[in-house]
Amino acid sequence: MKGIYSALLVSFDENGNINEKGLRQIVRHNIDVCKVDGLYVGGSTGENFMLSTDEKKRIFEIAKDEAKNDIKLIAQVGSVNLKEAVELAKFATELGYDSLSAVTPFYYKFDFEEIKHYYETIVNSVDNKMIIYSIPFLTGVNMSLDQFAELFENEKIIGVKFTAADFYLLERMRKRFPDKLIYAGFDEMMLPAVVLGVDGAIGSTFNVNGVRAKQIFELAKNNKIEEAREIQHITNDLITDILGNGLYQTIKLILEEQGVEAGYCRQPMKEATEEMKQKAKEMYNKYFVKELDKVNA
């Protein structure tokens, strides 16, 4: 379960319906071109929290059918609706997903006992593993080291997707829980996270930048920090440009430049403008075509 996982994008048509052909192409692009070790299906990058239960199930089905057993698959089933989370957990487990994940319950100010009940209810409903999805800047849920320890007492809870900038907490977690999986969740801070000992990373930009992500991960693990830092610099230049142009729209536009039918984003996310499309084309030429030219020179 270690390594680089793309947080899977989902292709939608102009009416907001799942574009199965495009979704399959995105899955194959991640496997065949980006060479990722796995896919994190149903996360924020998949626009999950704007989808119906049936749509989430269909995405799980398509991703599994296309990926087969080529790579590891993690199903993000978390929801403020605990019944839905359990239903999705059972569905993904029956499909053969290697692990589940669940975002901490958000919007309402749940206390820790409620959060613990949420995770235990999900994992106790299935014969599968669970990775906590901790993303405090979106959920408002900050958990302490001791609270993570209490959750990890359940042997089925095997790790955490750590999408936070608190690297002191990350270091403390790595030292205290050497046998739990820790995945870095911020693509732009992947190098320092690997230096601190994470087992892998899960990221949006890996849908296009997976090769560089794997290079950073492997170089840092082999103590080739200077080489890894240079690739992180390029990666962060790309990320800065993507964020300045619209995160999900731009990643999809770059995929379109690579011949992948990445489609539209789900409303209320806006449709890409002509200016956004032009900037994405420039990014593709700058960060991918020119880099290929260097390799082939």
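All values reported here derive from a predicted model rather than from experimental measurement.
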Under the 3.5 angstrom rule, does the side chain of [X] hit a backbone N or O of [Y] as a donor-acceptor pair?
X	Y	value
K214	C34	no
R174	L196	no
K156	V126	yes
N19	A262	no
N48	G43	no
D37	I4	yes
Y97	F60	yes
Q249	K270	yes

Check: Of all heavy-atom pairs between I131 and Y183, which one has the smallest distance, and what is that distance?
Finding: CD1-CE1, 3.7 Å
Other residues, nucleotides, ligands: >12 heavy atoms within 6.0 Å of [X] [atom1]:
X	atom1	result
D111	CG	yes
E230	CD	yes
H233	NE2	yes

Note to self: Checking side-chain polar atoms at under 3.5 Å, does S44 have a donor or acceptor matched by the opposite partner on Y133?
What the structure shows: yes
Check: Do you see a donor-acceptor pair shorter than 3.5 Å between the side chains of N209 and T235?
Finding: yes
If we only count heavy atoms from C-beta on, is the [X] to [Y] side-chain gap below 4.5 Å?
X	Y	result
N30	L9	no
V80	F106	yes
R58	V10	no

Checklist line | Test applied, ring pair (Phe, Tyr, Trp, His ring centres under 6.0 Å); reference residue, F186; option that passes from F137, F167, F162 | finding: F137
Residues in side-chain contact (heavy atoms from CB on, under 4.5 Å) with [X], at least two apart?
X	value
K2	L181, D199
V141	T104, I115, T139, M143
N15	D13, N17
E275	T273, K279

Checklist line | Lys/Arg N to Asp/Glu carboxylate O, R172 vs D166, below 4.0 Å | finding: no
Item checked: Salt-bridge present (E256, K277; N to O < 4.0 Å) -> no
Checklist line | Pairs satisfying salt bridge (charged side-chain N to carboxylate O under 4.0 Å, His left out), at least one member in residues 127-154, at least two apart | finding: K116-E150, D146-R176
Item checked: Identified side chain to side chain donor-acceptor pair (under 3.5 Å) counterpart of K56 within the set Q76, E84, E61 -> E84
Margin query: By the side-chain hydrogen bond (donor to acceptor under 3.5 Å, both in side chains) test, which pairs, at least two apart or in different chains, include something from residues 236-245?
Written below: Q232-N236, D241-Y287, N245-T250
Check: Taking the inter-plane angle between the rings of Y108 and F110 on a 0 to 90° scale, is it parallel (under 30°), tilted (30 to 60°) or perpendicular (over 60°)?
Finding: perpendicular
Next item on the list: Identify the residue among E47, E271, E261, E257 that makes a salt bridge (charged side-chain N to carboxylate O under 4.0 Å, His left out) with K252.
Entry: E47
Check: Under 6.0 Å between the ring centres of F148 and F177?
Finding: no
